[in-house]
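By convention in this document, chain letters (A, B, ...) are assigned in the order of the sequence lines, proteins followed by strands, and residues within each chain are numbered from 1. Model, not experiment: these values are computed from the prediction.
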Amino acid sequence: MKNDSLKNDTSNIEFYKAGRWCDEPKKEHLIVLQALEIANRTFSRVVTVAEVIRALLPKEINILNEKYKSPMTIIVSRTLLLLHKRGKVIKTDKVGKVHYYGVSGLLNLEYVELDDFQSLRSKTLKFVQEAVLEQKRALQMGEIIDFIVNQKGVCSIDLKIIRQNVLSLKETGELIKIPMRGNEKGFGVYLPKNFDPEFYLPTQPLTWLEFVLSIFNEIWEEHKLRAENNGAKPFPVSIGEIRIRIAESKKFSEKLKDSQILISTLLQLAKTSTPSIRKIRKPCQKLVFWLPLDVSDNEVNLGDFYLNDAERIEEAVKRTSIRYRRPVKLSEVKEEVDLDAYLQPISNVSYHILLADLARKRSSENGIQPKSNRKRIYRIGKLKGSSYYYFENTPEVYAFIKFQHLEQKWNLLSPFEELQKIESCILPTVAIGRAKLVLSEVSHIFKDLEEIQSLNEIIGISKDIVNSLSKEVLEILLQTKKWIKKSQILFPDLPIEVKTKSKGWTTHKLREVLTPFYHRLSKINAADYIQSHIGEDIKRFPNPNFKRINLKEPQFAAAYLYDESDALIYIAKEWGGVECRYHATVASNELGMLRDPGFVIPALESEDFNQRLSAVSCLAFLPCEEGNKRLLDTAVNDLDAGVRQSSLWAYGLINGEKSIPFIKERSLQDETPKVRKFAQLLIENSDSVWIKFQ
Amino acid sequence: MKKPTNNQFSFPVPVDEKVIETDFMREVMNRTLMVHPGNVIWYGESRVGKTTTARHMVQTINEAFDPYNPHAFRAVHFEVGEIRAWTGNEQKKGLKSLYNSALSKIDDGLYQHDPSETIAQQLIFGLAQKNIQLIFIDEAGNLSLDAIRGMLMAYDAAKNLDHRLSLVFIGMDDLPTKVLKLPQVKGRIHEWCYFEPYKLDGLADLLEKLCPHFFAADDKNPKIAENVECIYELCGGFPGLVIPFLRKLERYQRIDPEELTTTYLRTIHLRTTIDKENAINKSKEIHKEVSKQKK
């Protein structure tokens with residue numbers, strides 16, 4: 001709406017000389033006039049009676065109702081008519097069913113835009129013309145409806161109305177219907193009357209049935225040609241061949257999801273009143289093949305298509321790979337074999353052995369090369385316990401497995417959720433540390449994805465999916481980098497890189513620490529108990545020093561180590577007292593998987609007592625030399641009594657009995673009675689107030 | 001009067017939120033502190049200023065906090081979510097809500113395995129560490145009676161552990177009648193404050209302090225009184241409705257300054273009302289269609 005529609009306000013409008021109105025305008029008229037002006041200003045255009053009524057205040061409506069005993073629409077429309085006669089109000093011609101009104105002198109009529117009242121029927125014809133020009137052929141009813149519904153601004157049109165309009169346009173001759181099959185009432189396509197049917201008639205198969213028939217004919221011609229070249233009779237067409245050809249064409253791919261659909265289609269083609277194909281069975285077998293209607297049994301070869309099981313399985317793998325367009329696993333190959341009689345193995349050897357044998361490169365014995373060293377299929381890799389095979393051996397194929405692994409890693413990482421958790425950290429320095437941890441892991445994934453993207457083609461996955469994941473990863477990467485850069489301005493002294501290595505305990509060490517709390521551990525198999533009862537509560541990471549499982553030294557025999565800080569937090573929550581559990585909860589919420597105290601210690605300098613308190617809780621579970629020193633200092637010098645008290649506790653937790661002299665000193669010298677009392681309590685109950693991890 | 005259009009895009013200039021401390025607000029704050037440690041209910045209609053008063057009080061207390069003053073303490077304000085009656089474990093849920101808002105996320109193990117009294121103890125420990133003695137629980141009308149009882153358990157635990165704690169329940173709905181149903185809860189409410197909408201005089205005073213450039217009292221200019229009355233008609237005496245309206249007014253004036261008249265004020269107000277009604281009518285239409293299709 002152009003703003004020039006409003007000229008000026010009405011404050012200077014002169015009253016028209018017309019009797020009573022000129023001297024003393026009626027209060028009710030002024031109310032309606034003011035409401036009209038408000039409505040004009042609100043909508044920036046001329047308005048209907050209903051819109052004027054909406055601009056009235058409740059007390060104004062009461063005034064009008066008291067004066068006139070008619071419905072409000074009549075009161076307002078009559079008043080507007082009166083004002084129009086007196087030149088106060090402008091009135092448009094009927095548009096649709098209503099008139100529109102505006103205050104004289106307020107609106108420029110030439111700038112008024114009203115709704116487009118073009119009929120739906122003419123719009124439908126216009127859309128059909130556009131759709132035919134776009135597709136360059138006549139269209140079916142369903143295609144017309146799809147086109148219209150996808151146009152912007154028409155999403156609310158009822159599909160039934162579109163259908164009715166098309167049929168109505170056909171009745172009036174504005175659209176012509178060209179029958180494609182059967183008579184006028186059968187399946188056909190629509191074209192605007194001024195379009196040349198010869199030019200716009202569709203040439204390719206439009207329906208699923210026609211498409212399957214065209215594929216069948218194509219394959220049959222190929223069989224005939226091959227047979228002619230070999231001087232033999234042609235083989236009948238198997239359903240597997242049709243399926244693979246449809247998959248390659250990438251049309252109607254949703255129809256292949258259910259194997260029964262193709263079977264039913266072929267049966268339908270064979271059973272209509274004008275069948276195009278017929279079934280044939282091999283003698284003494286249930287398996288079915290297909291032939292054109294005019295070809296007799298004597299004119300075809302019903303023998304074996306392949307030489308041996310290896311060829312059959314190789315063909316099965318190839319077809320399955322083409323159908324799925326990626327490396328395939330054993331169950332999928334089996335499915336393919338079940339669908340095609342030609343591929344059924346004759347021997348009793350399991351598919352697993354057949355596949356493994358085909359995929360294995362035979363090594364030479366005594367320097368003599370085996371006769372056939374041609375690798376027929378390739379084992380690409382393993383995913384979720386299943387091996388995947390393909391008939392080619394290129395980097396593009398291996399990228400499929402690599403991508404799946406990366407995707408899995410990405411999903412486990414859940415960086416978006418991690419970044420959201422980081423936003424709720426109390427300690428900004430810890431948040432930066434956690435963000436850097438995420439950045440490091442995301443960077444590795446991105447680098448691997450870039451390698452995959454550099455390939456021309458990726459078998460099994462569309463480049464769009466890879467690009468989409470790469471885009472998502474890049475987005476998180478950039479978002480994290482940006483966030484770190486912005487946040488780090490306030491903390492320039494933070495470490496540039498975050499330490500990703502953390503201290504770990506073997507099962508042996510964990511058992512040693514847990515046994516004082518859970519004595520049964522000394523009698524049962526600790527590894528089993530720990531795994532079954534603790535599960536994911538204490539995180540594990542791969543042991544960098546791992547050599548072999550059965551070694552005597554536990555630090556080299558453990559494939560995984562338990563994260564030390566996680567273990568301490570777990571023990572504190574499970575068996576600790578009130579203070580212990582409180583600090584353990586704060587530490588686990590804040591730290592996440594961050595184990596670098598370099599990002600926690602700066603928070604001890606914060607002006608916010610909340611942050612200092614949280615930093616103390618975190619340092620209690622990240623024992624280190626620097627942290628220890630800082631806790632000592634905080635316990636003496638912090639302004640807040642709560643922070644000093646917590647520092648005493650944390651120092652005691654880390655240092656155990658060695659902390660007693662210091663705590664004794666604080667029990668006498670701290671300025672707050674509450675803290676002195678707490679220190680005294682610590683000394684009196686040093687065995688039970690905190691857990692000793694020494 | 002121009003509608004803001006894409007051609008004239010400009011970001012809204014952030015204005016420092018100014019809280020005008022009225023006499024009524026001051027009175028409510030004093031009455032709340034007088035019963036500390038003790039529990040209070042603040043009740044009133046929506047948009048009448050309860051939350052603003054609470055936030056202002058929290059800010060005042062926290063700004064005045066001095067670690068060397070043994071009587072100083074901190075305050076916290078949060079809005080509680082729904083805890084429906086008969087959903088089970090409502091007392092625990094109430095305590096969990098207090099814990100998460102005043103301290104940090106409660107440990108799942110503590111919440112699931114430990115009884116309510118342990119959670120209350122843990123909560124009071126944390127509050128004592130942080131010296132938090134006043135907690136405002138907003139939208140308390142969402143809470144079931146048991147949830148309120150659970151929160152009052154924290155008050156009892158604080159007494160036992162020698163920590164001074166006051167809970168202020170702020171809300172509308174049926175909060176007062178709900179609280180009266182149980183003597184154990186009713187007996188623990190020590191003060192009641194009822195928030196009423198401003199009358200015309202009070203609103204004129206508020207507008208003069210909020211927007212002196214538009215509404216400074218001037219006997220020579222009758223339009224100001226008319227405009228105040230118009231705003232009173234449109235927004236009632238509810239500060240929560242008046243302030244957003246004033247923000248809109250400021251923005252329109254910045255884009256296209258115009259003399260303030262009642263027509264002008266009503267036009268601004270109508271734009272929102274019309275769109276709101278259109279949205280409601282459209283949603284009713286769609287909802288009707290969906291129900292018809294389901295049938």
Tell me, for [X] versus chain A, whether the close heavy atoms (under 4.5 Å) come from the side chain, the backbone, both or neither.
| X | result |
| --- | --- |
| B/N278 | both |
| B/T261 | neither |
| B/E233 | side chain |
| B/I106 | backbone |

Count the heavy atoms belonging to other residues, nucleotides or ligands that lie under 6.0 Å from [atom1] of [X], then report whether that count exceeds 12.
| X | atom1 | answer |
| --- | --- | --- |
| B/D66 | CG | yes |
| B/K248 | NZ | yes |
| A/E417 | CD | yes |

Give, for atom [atom1] of [X] and atom [atom2] of [Y], the distance between the pair rounded to the nearest 0.5 Å.
| X | Y | atom1 | atom2 | answer |
| --- | --- | --- | --- | --- |
| A/T585 | B/L103 | OG1 | CG | 10.0 Å |
| B/Y68 | A/L639 | OH | CG | 4.0 Å |
| B/L270 | A/R41 | CG | CZ | 12.5 Å |
| B/Q122 | A/E579 | CD | CD | 9.5 Å |
| A/R54 | B/I274 | CZ | CD1 | 4.0 Å |
| B/K105 | A/S588 | NZ | OG | 7.5 Å |

Practice task
Examine distances only and state if a side-chain atom of B/R271 and a backbone atom of A/T42 form a donor-acceptor pair shorter than 3.5 Å.
Solution key: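 Answer holds: yes.
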
Exercise for the section: Taking A/K674 for its side chain and B/A128 for its backbone only, find out whether a donor-acceptor pair lies under 3.5 Å. Expected result: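 Present.
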
Less than 4.0 angstrom from a charged side-chain N to a carboxylate O is my criterion; do [X] and [Y] meet it?
| X | Y | value |
| --- | --- | --- |
| A/E60 | B/R266 | yes |
| A/D640 | B/R74 | yes |
| A/R581 | B/D114 | yes |

Problem - Contact check, side chains of A/N589 and B/D107, non-hydrogen atoms, under 4.5 Å - result: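 Heavy-atom side-chain distance check fails, nothing below 4.5 Å.
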
Practice task
Go through the steps for B/H113 and A/K573 under the test side chain to side chain contact (heavy atoms under 4.5 Å, CB included), then give the verdict.
Solution key: CA-CA 11 Å; B/H113 302 305; A/K573 281 186 190 176; over 6 Å; no

Contact part of [X] toward chain B, heavy-atom cut-off under 4.5 Å: side chain, backbone, both or neither?
| X | result |
| --- | --- |
| A/L56 | backbone |
| A/L613 | side chain |
| A/E574 | neither |
| A/N610 | side chain |

Problem - Criterion side chain to side chain contact (heavy atoms under 4.5 Å, CB included) on B/N131 and A/F609, from CA distance to verdict - result: CA-CA 10 Å; B/N131 204 357; A/F609 84 100; over 6 Å; no

